[in-house]
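Comments concern the structure below.
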Amino acid sequence: MQWPPPWRRSPLLSASPPPGPAKEFLRPGRVSEAARLYSHYVTPAEGAREGRWQTRPSLRPASPTNAPQQPPLANVCQQNYGAPQDPVEPAGLRSASHVTGSSLGKAEVSCGSRRRWAELVPESSWSPAVGASKMKVKMLSRNPDNYVRETKLDLQRVPRNYDPTLHPFEVPREYVRALNATKLERVFAKPFLASLDGHRDGVNCLAKHPKNLATVLSGACDGEVRIWNLTQRNCIRTVQAHEGFVRGICTRFCGTSFFTVGDDKTVKQWKMDGPGYGEEEEPLHTILGKTVYTGIDHHWKEAVFATCGQQVDIWDEQRTNPICSMTWGFDSISSVKFNPVETFLLGSCASDRNIVLYDMRQATPLKKVILDMRTNTICWNPMEAFIFTAANEDYNLYTFDMRALDTPVMVHMDHVSAVLDVDYSPTGKEFVSASFDKSIRIFPVDKSRSREVYHTKRMQHVICVKWTSDSKYIMCGSDEMNIRLWKANASEKLGVLTSREKAAKDYNQKLKEKFQHYPHIKRIARHRHLPKSIYSQIQEQRIMKEARRRKEVNRIKHSKPGSVPIVSEKKKHIVAVVK
Amino acid sequence: MTANRLAESLLALSQQEELVDLPKDYLLSGSEDEGDNDGEREHQKLLEAISSLDGKNRRKLAERSEASLKVSEFNVSSEGSGEKLVLADLLEPVKTSSSLATVKKQLNRVKSKKTVELPLNKEEIERIHREVAFNKTTQVLSKWDPVVLKNRQAEQLVFPLEKEEPAIAPIEHVLSGWKPTSSMMPVPAPCPGNPLGSMGICAYDIRASAKLLNSSLLPLLPYRYHKVVKKGKAKKALKEFEQLRKVNPAAALEELEKIEKARMMERMSLKHQNSGKWAKSKAIMAKYDLEARQAMQEQLAKNKELTQKLQVASESEEEEGGTEEVEELLVPDVVNEVQMNADGPNPWMLRSCTSDTKEAATQEDPEQLPEPEAHEVSESEGEERPVAEEEILLREFEERRSLRKRSELSQDAEPAGSQETKDSSSQEVLSELRVLAQKLKENDQSRKQKASSEGTIPQVQREEPAPEEEEPLLLQRPERVQTLEELEELGKEECFQNKELPRPVLEGQQSERTPNNRPDAPKEKKKKEQMIDLQNLLTTQSPSVKSLAVPTIEELEDEEERNQRQMIKEAFAGDDVIRDFLKEKREAVEASKPKDVDLTLPGWGEWGGVGLKPSAKKRRRFLIKAPEGPPRKDKNLPNVIINEKRNIHTAAHQVRVLPYPFTHHWQFERTIQTPIGSTWNTQRAFQKLTTPKVVTKPGHIINPIKAEDVGYRSSSRSDLSVIQRNPKRITTRHKKQLKKSSVD
């Protein structure tokens, strides 16, 4: 290995040594700088550099010319840059290393070859103060290989012994780190990002642009549709789409147009781009229907969309009549959703408390499950074809496997009022729910309790909620005409992270996971401030639930064993499954 | 109004039933109808009218209940004849006329056909349709099961899921890019049909590449090339040597010597040991690279070969083993070890891992399961140690018991002399019980002999008369030794006794026995029992109980007693639980006592050196006596150990309930005790341990999972085309609606 390594060579030296004058011209400036700053002192680094300079044999021939030309410099910075000032001085010593001695008797050692630190005997023919006395200097011996990294991109080398017996306090230390991480997470939990205002009535529906993360569409209760730009946080287009409510809005899979349905019994298709100058704002197509449509969803791959109202209609975009319509029961259907994975599947929920699944290909309903109370919307898991979650009026959400509707996979409870909307994170690991209790909650798919609750003082009943396609943000539209933008992960730092930040984030996350069961950490991680209304509701409902449970337990206890069946919480809310 | 409706529909229903049953009833009604009055008919008509009101106008057979002139040709009935009308009867007159041949044929054909079944009602049909469709859909969806499961269990999911296709360059591109550096390296021949530069791979190409792979040609990339060259040289040299030997034996001998010398040099040098630069680098790489590992092993083999002493033929195997051992010492552990568990970059972790596996292996035995965890706990908290000891003791006890059981089983297995064996086994039980009692008692005695004054000894001995009587019996060992196991066990027990309880057979005891047999003995015993102090409750009580029990056993001999005896025997089989407990308690008490601190510094203020001890005065002066701690809570509770080390302050930070996914507390402890920080792990391990579960790219849209993403073939037909092919499903209701709308 060559020393110095290329990155440590000064630019002056790293180039092939120019002969004579050019170098001489360059050198004095640099040295004089150092000389001015430290008239009697040379930093080890400087010294080392100089020493290196000296050891380079290729440069040596240049030096004899150097010394005579710069006598003042050589005197100020009492170091001979490879030039034998005193012809008596033995060459071997000089080439090995240098010791500069100040007049005060201080000794600074500069090292030429890095393994020769041990003992140096200065030959100070140039220093009158020290004179001919010999000085022995003992130094620590260090090998830069052990602590200098080769490039600055390399990791710092930390000599460390990983023997676990040498680290007896691993667990307590990690525990404290986890505790701190949890606390910091709470400290930095500021999820609210922006509020998009502009609507003149409650926001009734939201839609994401399939190809553009920054674009969001919203329909209000006064028939107005607005298109928003999230990065600029402003409205970029306003369309008076319907008379009365905009009941549903959906975008075409390609993102070129969007569909709205309204209380005026029409389905309208609009171009995503606004009209050109002088053009009037007009829908591409308008379909007049017989009945009110309450919801709309577009197929994920093809030019097909589905509306719901009295029945579920499936429309070809090119036709004004539905290509297929499916009914089962007579109550009005409040929402319909296409399965994003197996795209021929549809789910709908009707006001007669049931959820009906349809197969578009076979043009038939598949199965129906009747719950205790009405389901407002359903949402399919985008990563698991057969899983969907239903937002119910009984304050709960139910995650179903569509192949086994008689028992929900999970009952998610935490809301204290009807759940109005639900949307999955595109990763399929979590979903967000909007509730009439003026809050939105984030649930992990496999947990029955929410991990997060968002609310603000001004946010009223939340009617619609969407999780953005990059899974970072959540939007919710509420009664009081605002669309709010939240972070999906409350304490996440936005923007680009450095690798160290990322590593720290991951580590903290893992620590929190590891120690999540510890009482203190659990308490801190779970702590949320809630508005008084929600808080008191929770308390009240807890009491009610406990009373009900107690009664049930007592009933079981005091009746003949087996006569009172024990019904699990999951099964309790399912009335029937109709084939 | 509604009630009326209901009644009507009910009537209609009954009517329907009648109609269904009509053919059966007909015979009867037909015969009866002859003399029937009109009222009945009127009623029938009324009912019909009502049923027709219902809206469901069913086709009914017109009934004729009287003879009439007008006979409809479509409604032929066999009324009045009292039998069913058969088609054959009608055909009878046609037979004769040949002009009606075609009609005849048609009628014959009709005769052979069966009546079509009534179609199912609409709801039923729809339901069946739905069920079939649901089953189909379920099948389609079930293909997602493995994907979903995989994603749920995945260590890490990276979104968006769509991956860029790794650009696989066609083989000719790769080959054309590579140029041979020497003439020895093979040049891939261009395939005939397909010139080298052209795109795509022909069959020949593939075959050729396969051949390349198989032959030693492909590995001849530069780094292997030199190896091959070296080998070739060696071979060549050998050949030359052979030739030389034939031509010029003297020169050959010289050559041989040279070779030998080279070998010796090699042996002296450490070239092929793993101390060289190359070897060291390989040793590092060996952890991660299979090839490097192989190379290393190869080298070691070579080293062995080279350094082998040229020995005489009578080389002992022992020595070989020795050298092997040395070799193994030279090999770094990772070379052999890492192959087993490749993941675990931290060698310390690795070590613990292997120990874990060992543990896992041992855990197959349920009794042994608690042992390692106890051990673990003991490492972290000193206070738990007694528990671990107890565990060990319990395990020993368990082992012994199982051993005994086995022996008993084997006894049972013996076919002949079952009666005898039973007897003997019961005897054995008895004797063992006695042994136990004896042990307990003697134990107690010996302790007392040491502790208390001599005067108490006879009293205590007087308490237990029965075991004393049995003593000769015990010594003689009257039971027959039935099996080999028993024999072993016997030996065990004997040595156990010898070791722990040297039986003090005293003359005094013998002499004391006579007074024991006196009738007034029981009274005395009672008194003594009252006198037993609380401290010695454990030790003294059990023998006294036994002394009572033994005679009754002898007398009663019923099943229950025997069972109980068995139980007791099992419980205390070959193990002195009580003594162990006491010992443990004593240890715990000792451990909890505050210790004195000795602050003497030898050589301080006086002479010091080897063999010199600080003076007693000095020691006394610098010894800080620990203050007497508070009295133990279990001071007056002889059969309880109360651990006073529990810290409430730390308890507040500890998990009280085992969290969900864990099934055992040691699993949880283990996860907690494995640090994940970079302070305790290498960088790589740290990165591995802290990989987030879900990774998303900021600013990237995550699309729903697609069949193509996970390697499934999504159906080529679009959903739309499928619907358009089944147009029949537009319901009638909707059709009506459509019609209406078109009219409007």
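Convention: sequence-line order gives letters A, B, ...; per-chain numbering from 1.
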Please examine the side chains of [Y] and [X], heavy atoms only from C-beta on, and report whether any two atoms are closer than 4.5 Å.
X: A:Arg403; Y: B:Ser142; answer: yes
X: A:Lys579; Y: B:Arg130; answer: no
X: B:Leu157; Y: A:Lys429; answer: yes
X: B:Val140; Y: A:Arg361; answer: no

ask   = Crowded around B:Trp144 CH2? As in, over 12 foreign heavy atoms under 6.0 Å?
value = yes

Check whether [X] gets within reach of chain A through its side chain, its backbone, both or neither, counting any heavy atom under 4.5 Å.
X: B:Thr138; value: both
X: B:Thr679; value: both
X: B:Arg152; value: both
X: B:Val655; value: both
X: B:His653; value: both
X: B:Asn135; value: neither
X: B:Leu689; value: backbone

So which atom in [X] and which in [Y] form the shortest heavy-atom distance, rounded to 0.1 Å?
X: A:Asn212; Y: B:Ile701; result: N-CD1, 3.9 Å
X: B:Ala652; Y: A:Pro519; result: O-CG, 3.3 Å
X: B:Thr696; Y: A:Ser471; result: CG2-OG, 3.5 Å
X: A:Glu174; Y: B:Thr674; result: OE1-O, 4.3 Å

Portion of [X] that has a non-hydrogen atom of chain B nearer than 4.5 angstrom:
X: A:Lys208; answer: neither
X: A:Trp328; answer: side chain
X: A:Leu494; answer: neither
X: A:Arg160; answer: side chain

ask   = Going through the distances and angles, do A:Met402 and B:Phe134 end up as a side-chain contact (heavy atoms from CB on, under 4.5 Å)?
value = CA-CA 10 Å; A:Met402 70 154 279; B:Phe134 181 79; 4.2 Å; yes

inquiry  = Angle between ring planes, B:Phe686 versus A:Tyr507, binned at 30° and 60°: parallel, tilted or perpendicular?
reply    = perpendicular

message = Between A:Lys505, A:Lys211, A:Lys367, A:Lys472, who has the most heavy-atom pairs with chain B when the cutoff is under 4.5 Å?
response =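 Option with the top pair count is A:Lys367.
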
ask   = Of all of A:Gly428, A:Pro210, A:Pro365, which one pairs up most often with chain B through heavy atoms under 4.5 Å apart?
value = A:Pro365

Heavy-atom donor-acceptor pair, A:Lys514 side chain to B:Ile672 backbone, under 3.5 Å = yes

